There are 2 protein chains.
Amino acid sequence: MVKRTRFNESDCPVARSVDAIGDWWSLLIVRDAFDGSRRFGEFQRSLGVAKNILASRLRDLVAGGILDMAPAADGSAYHEYVLTPKGRDLFPVIVALRQWGEGHFFDPGEPHSEMVDLRHGRPPRALEVHSADGRQLGPDDITVKKVERPAGAAAASE
Amino acid sequence: MVKRTRFNESDCPVARSVDAIGDWWSLLIVRDAFDGSRRFGEFQRSLGVAKNILASRLRDLVAGGILDMAPAADGSAYHEYVLTPKGRDLFPVIVALRQWGEGHFFDPGEPHSEMVDLRHGRPPRALEVHSADGRQLGPDDITVKKVERPAGAAAASE
DNA sequence: CAGTATCCTGTGTGATACTG
DNA sequence: CAGTATCACACAGGATACTG
């Protein structure tokens, strides 16, 4: 059980999301799951994380409804970890992080793992935020309406 | 200085991104920055985090080129923390996390802070991943090409 | 108000060893 | 291979006091 500062009481969806994800390891596990990893050993080799940490994170992700445990397809006694629909909904989050990383942390020409469209072998378009009527929105085109808090306000709110 | 497992050597942009962000506090600071927070005290009240932690994270974010320190607009001796272009590029990440949280962690009708288009007062559309030729892509429509690693492979890679 | 400095504690983390 | 159990340490995180 990951115990740290909790944000799950916050009225901000961003805070609840990060709380639900857990930590960076968990997010990288989800990334690997999108990339096709399913087995304990696959995650472990890919991440290079200690096995107890990995086991703990997998438990948390399953408990959080992000991963599901299924019997192994190869008939072995072990499990496979597959994304639930809720986990699959993290797709834009992973894509956004990937694109940000590609844009800012690799020298031109420096090789990096790349997400490509299966049909064309090309990377997806850069994510864009659009208004309800279809205009593209930037950070300055939005504001955040804070919720009315009835009585006692919790911290880590906004 | 945040010291933890580093992912900045990874060839995966997602890993480098999370490494650059630092931790959840940092991400929530960025969120607040998008929401208009600029001053130390604003972040502190919003997050409820200890001041030393906040100071440390702000330092890291400035050092990482995500925030910039500017002299305070009100003429006081202090600073304002504003997003750099690199920081502003995190917009889709925040929006993606926000939408994921809205969709999965609030009961129907439960109030939460809400991002709205300044022109219409309505939330943006759900983020969609599109292929180079404009088709919408889901998790099953992509694959991740691992990079050829010349010799010694680092952990936490793909 | 905007930080810095100091101290304390819990625990996340990684190694290692062990099991079926 | 797929985990669980145990251990030791660093350090994140929080509280508090102090400064300009």
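Chain A is the first sequence line, chain B the second, and so forth, proteins listed ahead of strands; every chain is numbered from 1. In this text the structure is predicted, and so the values were computed from the model without any measurement.
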Any pair with a residue in residues 80-99 of chain A that passes ring-ring contact (aromatic ring centres under 6.0 Å, His included), sequence neighbours left out, goes on the list, sorted by first then second residue, please.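 For residues 80-99 of chain A, and leaving out neighbouring residues, the ring-ring contact (aromatic ring centres under 6.0 Å, His included) pairs sorted by first residue read A/F34-A/F91.
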Please list all pairs meeting ring-ring contact (aromatic ring centres under 6.0 Å, His included) that have one or both residues in residues 105-130 of chain A, counting only residues at least two apart or in different chains.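 For residues 105-130 of chain A, and leaving out neighbouring residues, the ring-ring contact (aromatic ring centres under 6.0 Å, His included) pairs sorted by first residue read A/W100-A/F105, A/F106-A/H112.
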Holding to side-chain contact (heavy atoms from CB on, under 4.5 Å), I want the full list of residues that pass it with A/N52, two or more places apart in sequence or in another chain.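 Residues passing side-chain contact (heavy atoms from CB on, under 4.5 Å) with A/N52: A/A50.
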Before accepting this row, confirm whether a basic side-chain N of the pair B/R119/A/D141 lies closer than 4.0 Å to the acidic partner's carboxylate O.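 Result for this pair is no, no salt bridge flagged.
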Closest nucleotide of DNA chain C for A/I53 versus for B/A55: which of these residues is on the 5' side?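 Nearest nucleotide further toward 5': that of B/A55.
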Starting at atom [atom1] of [X], determine the distance to atom [atom2] of [N], rounded to an integer number of angstrom.
{"X": "B/E42", "N": "C/dG3", "atom1": "CD", "atom2": "P", "result": "12 Å"}
{"X": "B/L58", "N": "C/dT4", "atom1": "CG", "atom2": "P", "result": "9 Å"}
{"X": "B/D60", "N": "D/dA12", "atom1": "CG", "atom2": "P", "result": "10 Å"}
{"X": "B/I29", "N": "C/dG3", "atom1": "CD1", "atom2": "P", "result": "12 Å"}
{"X": "A/Q44", "N": "D/dA2", "atom1": "CD", "atom2": "C1'", "result": "10 Å"}
{"X": "A/M69", "N": "D/dA2", "atom1": "CE", "atom2": "P", "result": "12 Å"}
{"X": "B/D74", "N": "C/dA2", "atom1": "CG", "atom2": "C1'", "result": "12 Å"}
{"X": "A/L54", "N": "C/dA15", "atom1": "CG", "atom2": "C1'", "result": "15 Å"}

Does [X] make a side-chain N or O approach to OP1 or OP2 of [N] shorter than 4.0 Å?
{"X": "B/R39", "N": "C/dA2", "result": "yes"}
{"X": "B/R59", "N": "C/dT4", "result": "yes"}
{"X": "A/W25", "N": "C/dG14", "result": "yes"}
{"X": "B/H79", "N": "C/dA2", "result": "no"}

Start with the C-alpha distance between A/F43 and A/W25, add both sets of side-chain angles, then the distance that settles ring pair (Phe, Tyr, Trp, His ring centres under 6.0 Å), and finish with yes or no. CA-CA 10 Å; A/F43 292 113; A/W25 286 127; over 10 Å; no
Dot-bracket, 5' to 3', for DNA chain D please: Watson-Crick or G-U pairs under 3.5 Å, [ ] where pairs cross earlier ones, | where the partner sits on another strand, dots elsewhere. ||||||||||||||||||||
Given C/dC1, D/dA12, C/dG14, which nucleotide is nearest the side-chain atoms of A/V49?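 Nucleotide nearest to A/V49's side chain: C/dG14.
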Does any pair with a residue in residues 124-135 of chain A pass salt bridge (charged side-chain N to carboxylate O under 4.0 Å, His left out), and if so which ones, sequence neighbours excluded?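 As it turns out, the salt bridge (charged side-chain N to carboxylate O under 4.0 Å, His left out) pairs with a partner in residues 124-135 of chain A, which skip direct neighbours, are A/R135-B/D117.
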Any salt bridge (charged side-chain N to carboxylate O under 4.0 Å, His left out) pairs touching residues 76-93 of chain B, not counting sequence neighbours?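 Residue pairs with at least one partner in residues 76-93 of chain B: A/D140-B/R88, B/R38-B/E80.
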Among residues at least two apart in sequence or on other chains, which ones pass salt bridge (Lys or Arg N to Asp or Glu O under 4.0 Å) with B/E42?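 Checked B/E42 against salt bridge (Lys or Arg N to Asp or Glu O under 4.0 Å); zero matches.
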Taking only residues two or more places apart in sequence, or in another chain, which ones meet B/E102 in a salt bridge (Lys or Arg N to Asp or Glu O under 4.0 Å)?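 Checked B/E102 against salt bridge (Lys or Arg N to Asp or Glu O under 4.0 Å); zero matches.
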If you compare all heavy atoms of A/L47 against all heavy atoms of A/R31, which two are closest, and at what distance to 0.1 Å?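 So the minimum-distance heavy-atom pair works out to CD2-NH2, 3.6 Å.
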Describe the nucleic acid contact of A/Y81 in one word from base, sugar-phosphate, nothing, applying a heavy-atom distance below 4.0 Å.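 Sugar-phosphate contact only.
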What nitrogen or oxygen pairs link the protein and nucleotides 16-20 of chain D at under 3.5 Å?
| unit_1 | atom_1 | unit_2 | atom_2 | d |
| --- | --- | --- | --- | --- |
| D/dG20 | N2 | B/Y78 | OH | 2.2 |

